[in-house]
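The shown structure was predicted, so the numbers you read here are calculated from the model rather than taken from an experiment.
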Amino acid sequence: MMTLLMSFMISFLVPMLIMLLATILSKKMINDREKSSPFECGFDPKSSARMPFSLRFFLIAVIFLIFDIEIALILPIVIIMKSSNLMIWTSTTLFFILILLGGLYHEWKQGALQWAE
């Protein structure tokens, strides 16, 4: 019982001492205003927080995420090829790729992929 209590005390005190030592050693003498201010997406943090944000950045980011997830979904399809029915595998893969190509065509026709207006 005593060893269990001692191990709990040590497991509590050692991290506390390490955190205390880290905070003491990491204190900076000179507080630089530029270094201590947050840096968000290239915008000046001292200006208004309600700056208009370009919708193009958001749209390109969403398109990137969609096609990035697409790659993560297509890679296992190749691995499954040998262990599944070839006809079902082919039809499922073609259906998935056709949906993605339809989305890409829609984004292209809407002008979401054109950076300059």
Side-chain angles (χ1 to χ4, degrees):
M1 181 68 181
M2 192 62 159
T3 59
L4 183 64
L5 181 63
M6 194 65 156
S7 65
F8 278 134
M9 287 178 54
I10 289 174
S11 66
F12 179 74
L13 288 177
V14 169
M16 292 303 274
L17 286 173
I18 291 173
M19 286 191 298
L20 181 67
L21 186 64
T23 55
I24 290 172
L25 292 177
S26 70
K27 292 290 182 189
K28 295 179 179 144
M29 295 299 172
I30 301 171
N31 285 334
D32 189 11
R33 184 173 178 211
E34 290 294 323
K35 288 185 179 180
S36 64
S37 67
F39 183 74
E40 295 284 335
C41 301
F43 294 115
D44 186 18
K46 290 159 189 62
S47 65
S48 172
R50 298 290 179 193
M51 282 178 55
F53 185 73
S54 174
L55 193 59
R56 296 262 181 212
F57 289 116
F58 177 73
L59 198 55
I60 294 295
V62 168
I63 291 171
F64 172 76
L65 285 175
I66 288 171
F67 287 106
D68 192 41
I69 292 172
E70 166 223 345
I71 295 298
L73 293 174
I74 284 180
L75 285 176
I77 289 176
V78 177
I79 298 170
I80 294 174
M81 183 176 145
K82 291 185 180 181
S83 64
S84 67
N85 185 355
L86 192 60
M87 187 65 172
I88 295 173
W89 179 86
T90 305
S91 61
T92 306
T93 305
L94 282 176
F95 183 67
F96 181 71
I97 291 175
L98 283 175
I99 288 175
L100 288 172
L101 287 175
L104 181 63
Y105 178 74
H106 176 71
E107 294 294 331
W108 190 2
K109 285 298 181 185
Q110 292 292 321
L113 300 178
Q114 294 176 353
W115 190 255
E117 292 184 35

Test side-chain contact (heavy atoms from CB on, under 4.5 Å), reference Ile66, set Ile69, Ile63, Asp68, Val62, output is Val62
All heavy atoms of Leu86 vs all of Thr90, minimum pair found to be O-OG1, 2.7 Å
Within the side chain of Thr23, is there an N or O that forms a donor-acceptor pair under 3.5 Å with the backbone of Leu20? yes
Within one Ile-Leu-Val-Met-Phe-Trp-Tyr cluster: Leu13 and Met19, side-chain cutoff 4.5 Å: yes
Spell out, yes or no, whether Ile99 and Ile97 are grouped together once hydrophobic residues are joined by side-chain heavy atoms under 4.5 Å, including indirect joins. no
Please determine whether residues Met9 and Val14 belong to a single hydrophobic cluster, defined as Ile, Leu, Val, Met, Phe, Trp and Tyr linked transitively by side-chain heavy-atom distances below 4.5 Å. no
Between CD1 on residue Ile10 and CG on residue Leu17, distance to nearest 0.5 Å: 11.0 Å
Distance (rounded to the nearest 0.5 Å) between Leu94 CG and Leu101 CG: 10.0 Å
What distance do Thr93 atom OG1 and Leu73 atom CG have between them, rounded to the nearest 0.5 Å? 11.5 Å
Hey, what do you get for CG (Leu104) to CH2 (Trp108), rounding to the nearest 0.5 Å? 7.5 Å
Between Ser7 (side chain only) and Leu4 (backbone N and O only), is there a donor and an acceptor less than 3.5 Å apart? yes
If you take all heavy atoms of Ile77 and Phe96, which pair is closest and at what distance? CD1-CD2, 4.4 Å
To the nearest 0.5 Å, what is the distance between CZ (Phe64) and CD (Glu70)? 11.5 Å
